[in-house]
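Counting convention: from 1, in listed order, for ligands and their atoms alike. Computed from heavy atoms alone, side chains included, the values below leave out hydrogens, waters and symmetry copies.
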Amino acid sequence: MQKEQTIFPHVGNRFQTEDREIHIVARLEEPLVLVLENVLSNEECDELIRLSKDNMHRSKIGDAREVNEIRTSSGMFFEGNEHGILTKIEKRVSSIMNIPVEHGEGLQILKYTPGQEYKAHFDYFSAASNASQNNRISTLVMYLNDVEQGGETFFPELNFSVSPRKGMAVYFEYFYADHNLNERTLHGGAPVITGEKWIATQWMRKQRVR
Ligand SMILES: O=C(O)CCC(=O)C(=O)O
Ligand SMILES: [Fe+2]
């Protein structure tokens, strides 16, 4: 069978964005899942945490934005350009993901304390949801700190998990014609055992949202 078209365009073990060289340190082919290094500087990670610290509330998920037990972390969305640092990061993320900034929902910051988790889920909306008309197609989860124990991003269908590491990220996409491939991107955030876990997630949509 022929391999399906992917969104991610970069070849080789490293590639250049406008202001930073990104390293690919692990790769799964179908569905495409990549572990990326050097996505954010230490200072950028610290600054994102600092800027969001005072605005965290219980995470809401999905279309209806209702508090749900599937995700017990707390979080917030940036609107897009309220801080200079966001513009820079959004541009870099857009070039990593090969999708225009306008297709991106505002960067979401999530914080997990011990025991908090995000149960296995899909990032795309189900066909029954209104939001699926301009559905999500790819995700970049960026780790803003090191976690002492737990907090892995896990992919149960792939028997694969990524341990949080400050400045690194995991990328995956689910815009395949073969829906079975999309379903294999089922993933979650394992409970944090010791320490805190901070992430910034970028979801990209098929069409522009801003
Ligand atoms: O916490 C994680 O590692 C996963 C986060 C996630 O799945 C998301 O933000 O969509
Ligand atoms: Fe997710």
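Using modelled atom types, no side-chain atom of Asn134 and backbone atom of Val209 make a donor-acceptor pair closer than 3.5 Å. In this structure a side-chain-to-backbone donor-acceptor pair under 3.5 Å is missing from Asn38 to His23. Within the 3.5 Å criterion, the main-chain N or O of Arg205 finds a donor-acceptor partner in the side chain of His103. Not a single donor-acceptor pair under 3.5 Å links the side chain of Lys197 to the backbone N or O of Val192.
For the Fe ion (ligand 2), the set of protein N/O/S atoms nearer than 2.8 Å consists of His121 NE2, Asp123 OD1, His187 NE2, ordered by chain and number.
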Can you give me a line-by-line list of nitrogen or oxygen pairs between ligand 1 and the protein shorter than 3.5 Å?
{"unit_1": "ligand 1", "atom_1": "1 (O)", "unit_2": "Tyr112", "atom_2": "OH", "d": "2.6"}
{"unit_1": "ligand 1", "atom_1": "1 (O)", "unit_2": "Lys197", "atom_2": "NZ", "d": "2.8"}
{"unit_1": "ligand 1", "atom_1": "3 (O)", "unit_2": "Thr153", "atom_2": "OG1", "d": "2.5"}
{"unit_1": "ligand 1", "atom_1": "3 (O)", "unit_2": "Lys197", "atom_2": "NZ", "d": "2.8"}
{"unit_1": "ligand 1", "atom_1": "7 (O)", "unit_2": "His121", "atom_2": "NE2", "d": "3.1"}
{"unit_1": "ligand 1", "atom_1": "7 (O)", "unit_2": "His187", "atom_2": "NE2", "d": "3.0"}
{"unit_1": "ligand 1", "atom_1": "9 (O)", "unit_2": "Thr201", "atom_2": "OG1", "d": "2.9"}
{"unit_1": "ligand 1", "atom_1": "10 (O)", "unit_2": "Asp123", "atom_2": "OD1", "d": "3.2"}

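Ala26 meets the side-chain contact (heavy atoms from CB on, under 4.5 Å) test with Val35; sequence neighbours excluded.
Aromatic rings of Phe122 and Tyr174 (six-membered ring for Trp) have centroids beyond the 6.0 Å cut-off, not under it. For Phe160 and Phe172, the distance between ring centers is not under 6.0 angstrom.
Checking Tyr124 against Arg136 by side-chain atom types alone, no donor-acceptor pair falls below 3.5 Å.
A salt bridge (charged side-chain N to carboxylate O under 4.0 Å, His left out) check over residues 31-47, counting only residues at least two apart or in different chains, returns the pairs Glu44-Lys88, Glu44-Arg92, Asp46-Lys166, Glu47-Arg50.
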